[in-house]
Undergrad: 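Supplied in structure tokens, the structure appears directly below.
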Amino acid sequence: MSESRDVVVIGGAVIGSAVAYYLTANPDFAGSVLVIERDPTYANASTALSSSSIRTQFSNEINVRISQYGFQVIQEFSSMMAAGDHRPDLNFHPGGYLFMASTEDGVKTLREKHRVQQACGADVVLWTPEELARAFPHLRVDDILLASYGRSGEGWFDNMGMMQGFKARARAQGAEYLSDEVVAIGHDGRRAGSVTLKSGRQINAGWIVNASGPRAALTARMAGLDIPVEPRKRTSFVFDCARSPEGSARVNDGRLPLMVDVSGVYCRPEGRYFLTGAPPHNDVAVDPDDFEPRYEEFEDIIWPALAARSEAFEAIKPVNQWAGHYAFNVLDHNLILGPNPQMPNFIFANGFSGHGLQQAPATGRGVSELIIYGGFRTLDLSELGFERVLENRPFLEKVVI
């Protein structure tokens with residue numbers, strides 16, 4: 001006897017769980033939802049290996065709006081996901097983001113971004129080098145021409161707390177979770193009809209959602225489709241600092257922001273330590289099972305940039321490191337959300353390029369609206385649809401870290 005579900009979600013980390021949550025939370029949806037996750041420990045999931053931050057400082061209005069909704073969910077998460085006396089807390093740290101520019105092109109980009117952010121009501125200010133130095137005295141700003149700082153609505157939070165919250169509520173609302181792996185997708189070229197699992201089970205599906213992160217292209221190929229998403233390795237380091245500058249800021253109660261240096265190196269407080277990372281010099285696709293950290297990046301890329309930016313970062317040492325994967329959209333570094341028109345019941349939620357965690361709430365809600373209503377009802381995400389891939393029409397985001 002064959003099994004059937006109305007919606008099968010491939011991938012059960014934060015994106016898949018957000019989809020399951022928003023579907024089952026909507027009273028207009030009365031169907032069944034099955035989430036299939038190949039690794040129930042989530043040890044190598046991009047969600048678990050994320051730097052767990054959220055920002056509104058994007059260059060596209062839609063990305064700003066997505067993050068504003070994400071921040072709203074973070075603020076309301078404990079009540080949204082409450083179950084009895086259990087009210088999960090995402091432990092949000094309102095540190096903000098700090099971007100800096102040292103060239104005229106960089107200044108132009110910051111100003112263009114700021115106009116978009118202001119139009120959306122984002123709480124972002126532009127600072128002169130003198131204002132930057134007053135706010136964060138530990139920084140060397142001799143080469144800086146302009147800075148952009150998020151005063152609210154930006155920071156970092158509990159990544160697994162968000163995922164587990166969505167998952168727990170989705171299950172409480174009727175979604176099923178299955179530890180297995182999709183190895184084939186049945187289709188006739190126009191419609192995806194079923195998934196075959198490694199265990200041998202076959203499940204018929206009315207809708208299939210590709211939420212498989214860096215493995216998105218592998219999942220798509222099972223349905224005879226292509227998507228320009230590939231795994232790109234990012235190594236994160238936690239370091240100790242001999243003379244920590246945390247607490248020295250003259251804004252935000254002394255808290256330091258997530259600083260994005262002009263070199264591309266980022267750094268933010270992580271408890272008594274700091275978390276840092278950088279785009280690799282040779283940023284190429286990797287095997288989806290390759291999680292070996294690139295240890296040399298700390299000495300070759302990160303430490304020189306941090307030491308040049310602040311005397312406080314001259315004496316630091318790594319205490320931990322790990323490698324994760326960006327689900328990197330090589331077309332335009334932006335989310336691909338929606339179906340390929342040739343197979344309208346196979347929905348993509350892929351290609352976040354490092355922004356999946358902060359964009360999960362809007363993505364989950366958007367996918368649920370496509371399935372329930374056939375179109376977006378809240379935030380219009382149609383610009384992020386699959387059509388731009390078919391037309392080779394990039395929807396570019398200017399600052400990807």
Undergrad: Check this for me: does any side-chain nitrogen of one of R272 and D240 sit under 4.0 Å from a carboxylate oxygen of the other?
TA: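 Between D240 and R272 there is a salt bridge, with a charged N closer than 4.0 Å to a carboxylate O.
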
Undergrad: Check this for me: does any side-chain nitrogen of one of D253 and R255 sit under 4.0 Å from a carboxylate oxygen of the other?
TA: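 Counted as a salt bridge, because a side-chain N and a carboxylate O are separated by less than 4.0 Å.
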
Undergrad: Side chains of Y177 and V9: closer than 4.5 Å at any heavy-atom pair?
TA: no

Undergrad: Under 3.5 Å, is there a donor-acceptor pair between the side chain of Q342 and the main chain of R190?
TA: no

Undergrad: Please step through side chain to side chain donor-acceptor pair (under 3.5 Å) for the pair D39 and T41, ending with a clear verdict.
TA: CA-CA 5 Å; D39 177 18; T41 71; 2.6 Å; yes

Undergrad: Would you mind reporting whether Q68 and Q72 have side-chain heavy atoms less than 4.5 Å apart?
TA: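 No, every pair of side-chain atoms sits at 4.5 Å or beyond.
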
Undergrad: Is a side-chain donor or acceptor of N60 paired with a backbone partner of I62 at a separation under 3.5 angstrom?
TA: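 No; zero donor-acceptor contacts below 3.5 Å.
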
Undergrad: Would E311 and R243 count as a salt bridge (charged side-chain N to carboxylate O under 4.0 Å, His left out) here? Give the steps.
TA: CA-CA 9 Å; E311 182 181 357; R243 292 185 296 111; 3.6 Å; yes

Undergrad: Are there more than 12 heavy atoms of other residues, nucleotides or ligands under 6.0 Å from atom CH2 of W207?
TA: yes

Undergrad: Please assess T378 against R365 for the test side chain to side chain donor-acceptor pair (under 3.5 Å), listing each intermediate value before the final yes or no.
TA: CA-CA 8 Å; T378 50; R365 186 178 64 174; 3.0 Å; yes

Undergrad: Can we say D28 and R377 salt-bridge, meaning some charged N sits less than 4.0 Å from an Asp/Glu carboxylate O?
TA: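 Judged by the 4.0 Å cut-off on N to carboxylate O distance, D28 and R377 do not form a salt bridge.
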
Undergrad: Using modelled atom types only, decide if a donor and an acceptor are shared between the side chain of Q202 and the backbone of V195 within a distance under 3.5 Å.
TA: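 Not at all, since once roles are kept as given, no pair shorter than 3.5 Å links the two residues.
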
Undergrad: Could you check whether any side-chain heavy atom of V7 comes within less than 4.5 Å of a side-chain heavy atom of L34, counting everything from C-beta outward?
TA: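 No, every pair of side-chain atoms sits at 4.5 Å or beyond.
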
Undergrad: Can the ring centroids of F352 and F328 be said to lie less than 6.0 angstrom from one another?
TA: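 Between F352 and F328, the centre distance exceeds or equals 6.0 Å.
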
Undergrad: Would you call R309 and D142 a salt bridge, taking side-chain N to carboxylate O under 4.0 Å as the test?
TA: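 Result for this pair is no, no salt bridge flagged.
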
Undergrad: Within the distance-only criterion (no hydrogens, no angle test), does the side chain of N350 pair as donor or acceptor with the backbone N or O of I336 below 3.5 angstrom?
TA: no

Undergrad: Do T235 side-chain atoms and R294 backbone N/O form a donor-acceptor pair below 3.5 Å?
TA: yes

Undergrad: Less than 4.5 Å apart, any side-chain heavy atom of P88 and any of F166?
TA: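 P88 does not reach F166 side chain to side chain.
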
Undergrad: Under 4.0 Å between a Lys/Arg side-chain N and an Asp/Glu carboxylate O for R232 and D283?
TA: yes

Undergrad: Are any side-chain N or O atoms of R191 and backbone N or O atoms of D188, one a donor and one an acceptor, separated by less than 3.5 Å?
TA: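 Answer holds: no.
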
Undergrad: Would you check if the side chain of S67 reaches a backbone N or O of V64 as a donor-acceptor pair within less than 3.5 Å?
TA: no

Undergrad: For the pair Q57 (side chain) and V124 (backbone), establish whether a donor and an acceptor sit closer than 3.5 Å, ignoring hydrogens and angles.
TA: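 No; zero donor-acceptor contacts below 3.5 Å.
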
Undergrad: Which heavy atom of G161 sits nearest to which heavy atom of L90, and what is that distance?
TA: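 Reported closest heavy-atom pair: C-CD2, 3.5 Å.
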
Undergrad: Please report the closest heavy-atom contact between N392 and L331, naming both atoms and the distance.
TA: OD1-CD1, 3.4 Å

Undergrad: May I ask you to say whether R268 pairs ionically with E270, meaning some side-chain N is under 4.0 Å from a carboxylate O?
TA: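 Between E270 and R268 there is a salt bridge, with a charged N closer than 4.0 Å to a carboxylate O.
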
Undergrad: Taking the six-membered ring for Trp, are H138 and F313 parallel (under 30°), tilted (30 to 60°) or perpendicular (over 60°)?
TA: perpendicular

Undergrad: Side chain to side chain contact (heavy atoms under 4.5 Å, CB included) for D180 and R38? Distances and angles first, verdict last.
TA: CA-CA 5 Å; D180 211 324; R38 65 191 297 274; over 6 Å; no

Undergrad: For the pair D290 and K233, find out whether any cationic side-chain nitrogen is under 4.0 Å from an anionic carboxylate oxygen.
TA: yes

Undergrad: Quick one: salt bridge (charged side-chain N to carboxylate O under 4.0 Å, His left out) partners of E131, sequence neighbours excluded?
TA: none

Undergrad: Quick check: do P339 and F346 have side-chain heavy atoms less than 4.5 Å from each other?
TA: no

Undergrad: Is any side-chain N of the basic residue among R5 and E176 closer than 4.0 Å to the acidic one's carboxylate O?
TA: yes

Undergrad: Considering only NZ, NE, NH1 and NH2 on the basic side and carboxylate oxygens on the acidic side, decide whether E314 and R140 come within less than 4.0 Å.
TA: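 R140 and E314: salt-bridged.
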
Undergrad: Do F237 and Y273 make a side-chain contact, defined as non-hydrogen atoms from C-beta onward lying under 4.5 Å apart?
TA: no

Undergrad: Going by the angle between their ring planes, with limits at 30° and 60°, are Y22 and Y69 parallel, tilted or perpendicular?
TA: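 Y22 and Y69: tilted rings.
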
Undergrad: Please step through side chain to side chain contact (heavy atoms under 4.5 Å, CB included) for the pair L139 and M259, ending with a clear verdict.
TA: CA-CA 10 Å; L139 295 180; M259 177 191 74; 3.6 Å; yes

Undergrad: Out of the candidates H355, R55, Q358, Q359, only one should pair with N63 under the side chain to side chain donor-acceptor pair (under 3.5 Å) rule; please name it.
TA: Q359

Undergrad: Can a donor-acceptor pair be found, under 3.5 Å and without considering hydrogens, that links the side chain of N252 to the backbone of G254?
TA: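 Such a contact is absent between N252 side chain and G254 backbone.
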
Undergrad: Taking the six-membered ring for Trp, are F77 and F92 closer than 6.0 Å centroid to centroid?
TA: no

Undergrad: Looking at side-chain heavy atoms only, is the closest gap between E230 and P214 below 4.5 Å?
TA: no

Undergrad: State whether R65 and E61 are salt-bridged, where the test is any N-O pair (Lys NZ or Arg NE/NH1/NH2 against Asp/Glu carboxylate O) under 4.0 Å.
TA: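 Judged by the 4.0 Å cut-off on N to carboxylate O distance, R65 and E61 do form a salt bridge.
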
Undergrad: Going by heavy atoms in the side chains, are L132 and T128 under 4.5 Å from each other?
TA: no

Undergrad: I'd like to know whether Q321 forms a side chain to side chain contact (heavy atoms under 4.5 Å, CB included) with Y295, so could you lay out the CA-CA distance, the side-chain angles of the two residues, the decisive distance to 0.1 Å, and finally the verdict.
TA: CA-CA 8 Å; Q321 61 278 312; Y295 299 96; 3.6 Å; yes

